[in-house]
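Each remark here refers to the structure printed beneath this line.
Not measured: the values here are computed from a predicted model. For reference, positions follow the sequence shown, starting with 1.
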Amino acid sequence: MGKIVIGYQSFTGSCKALAQAAAEGVAQAGGKAEVKNITETSASDLANADAFILVTTQPFQSLAGDTKKFFETLWPAREQVRKGLSFAAIICHANEAVDSAAALDKFATYLGWKKFGDWVLAAPAELEVGKISARQLGIAVAQGG
């Protein structure tokens with residue numbers, strides 16, 4: 001797979017570290033990753049992407065504000081992004097991630113994106129384990145499956 005955009009929102013640096021680990025996996029599999037803070041990620045970034053990996057934290061058992069804002073600003077420009085874009089996500093959570101996962105399922109459906117496997121759940125208290133999962137996700141996405 002060619003270009004993979006990895007957008008992240010991070011309060012403490014854990015999600016950024018997970019995004020960088022996913023990018024390492026993409027590179028290991030021969031792909032090209034572009035890692036960007038979610039506040040700097042736009043529809044034009046995704047327009048020529050083969051896949052999008054979102055790495056987000058979830059305060060208060062919900063998607064973080066800038067992550068939600070990303071989807072809100074993406075919606076009016078959604079026609080710039082091709083339907084069927086491969087979409088994977090890593091949810092960095094300290095508690096139950098059900099609501100965040102459900103929200104990402106809905107966003108994928110609304111945008112016509114293809115959900116890539118199950119969302120990866122990573123606990124900040126187990127960051128090194130999360131990085132391994134993030135690298136594996138990056139490899140799988142870069143290999144197209």
* Which heavy-atom pair separates G25 from I139 by the least distance, and what is that distance? -> O-CG1, 3.2 Å
* Transitively linked via ILVMFWY side-chain contacts under 4.5 Å: I53 with Y8? -> yes
* Shared hydrophobic cluster, L54 / F116 (ILVMFWY, side-chain heavy atoms < 4.5 Å) -> no
* Who pairs with K131 by side-chain contact (heavy atoms from CB on, under 4.5 Å), at least two apart in sequence or on another chain? -> A17, L18, A21, L127, E128, R135
* Asked: What pairs of residues pass the salt bridge (Lys or Arg N to Asp or Glu O under 4.0 Å) test when at least one of them lies in residues 73-101, not counting sequence neighbours?
  -> none
* Structure fact -> Between I90 and A134, the two heavy atoms sitting closest are CD1-CB, 3.7 Å
* To the nearest 0.5 Å, tell me how far F107 CZ sits from F87 CZ. => 8.5 Å
* Main-chain N/O of I4 paired to D50 side chain as donor or acceptor, under 3.5 Å -> no
* **Over 12 foreign heavy atoms within 6.0 Å of CZ, F11** => yes
* To do: Mark yes when over 12 heavy atoms from residues, nucleotides or ligands other than K16 sit less than 6.0 Å from its NZ; otherwise mark no.
  => no
* Min side-chain heavy-atom separation T56-I38 under 4.5 Å -> no
* For W113, enumerate each residue passing the side-chain hydrogen bond (donor to acceptor under 3.5 Å, both in side chains) test, keeping only those at least two apart in sequence or located in another chain. => none
* Using 30° and 60° as the class limits, which term best fits the ring planes of F70 and F52: parallel, tilted or perpendicular? -> tilted
* **Considering all heavy atoms, the nearest A23-V35 contact** => CB-CG2, 3.6 Å
* Asked: Taking C-beta and beyond as the side chain, do L63 and L104 meet within less than 4.5 Å on heavy atoms?
  -> yes
* Could I get the full list of side-chain contact (heavy atoms from CB on, under 4.5 Å) partners for N48, not counting sequence neighbours? => none
* To do: Could you tell me whether K69 atom NZ has more than 12 heavy atoms of other residues or ligands within 6.0 Å of it?
  => no
* Structure fact -> Rounded to the nearest 0.5 Å, the CG atom of D45 sits from the NZ atom of K36 at a distance of 3.5 Å
* To do: Report yes if some heavy atom in the side chain of D105 is under 4.5 Å from a heavy atom in the side chain of W119; otherwise report no.
  => yes
* side-chain hydrogen bond (donor to acceptor under 3.5 Å, both in side chains) involving T109 - partner list, sequence neighbours excluded -> none
* Asked: Counting only N and O atoms by type, is there a donor-acceptor contact under 3.5 Å from the side chain of S86 to the main-chain atoms of A51?
  -> no
* Set of side-chain hydrogen bond (donor to acceptor under 3.5 Å, both in side chains) partners for T73, sequence neighbours left out -> none
* Closest non-hydrogen atom pair between G130 and A122, with its separation -> CA-CB, 4.0 Å
* Distance (rounded to the nearest 0.5 Å) between H93 NE2 and C15 SG -> 10.5 Å
* Asked: In the single-linkage hydrophobic clustering (I, L, V, M, F, W, Y; side-chain heavy atoms under 4.5 Å), do V120 and V55 co-cluster?
  -> yes
* Structure fact -> Correct closest heavy-atom pair for Q80 and S44 would be OE1-N, 3.6 Å
* Min side-chain heavy-atom separation W75-L111 under 4.5 Å -> yes
* Asked: Got a second to check how far D66's CG is from E72's CD, nearest 0.5 Å?
  -> 10.5 Å
* Asked: What are the two closest non-hydrogen atoms of G138 and V26, and how far apart are they?
  -> O-CG2, 3.5 Å
* Asked: Hey, any chance F71 and L85 share a hydrophobic cluster, counting ILVMFWY side chains that come within less than 4.5 Å of each other, even indirectly?
  -> yes
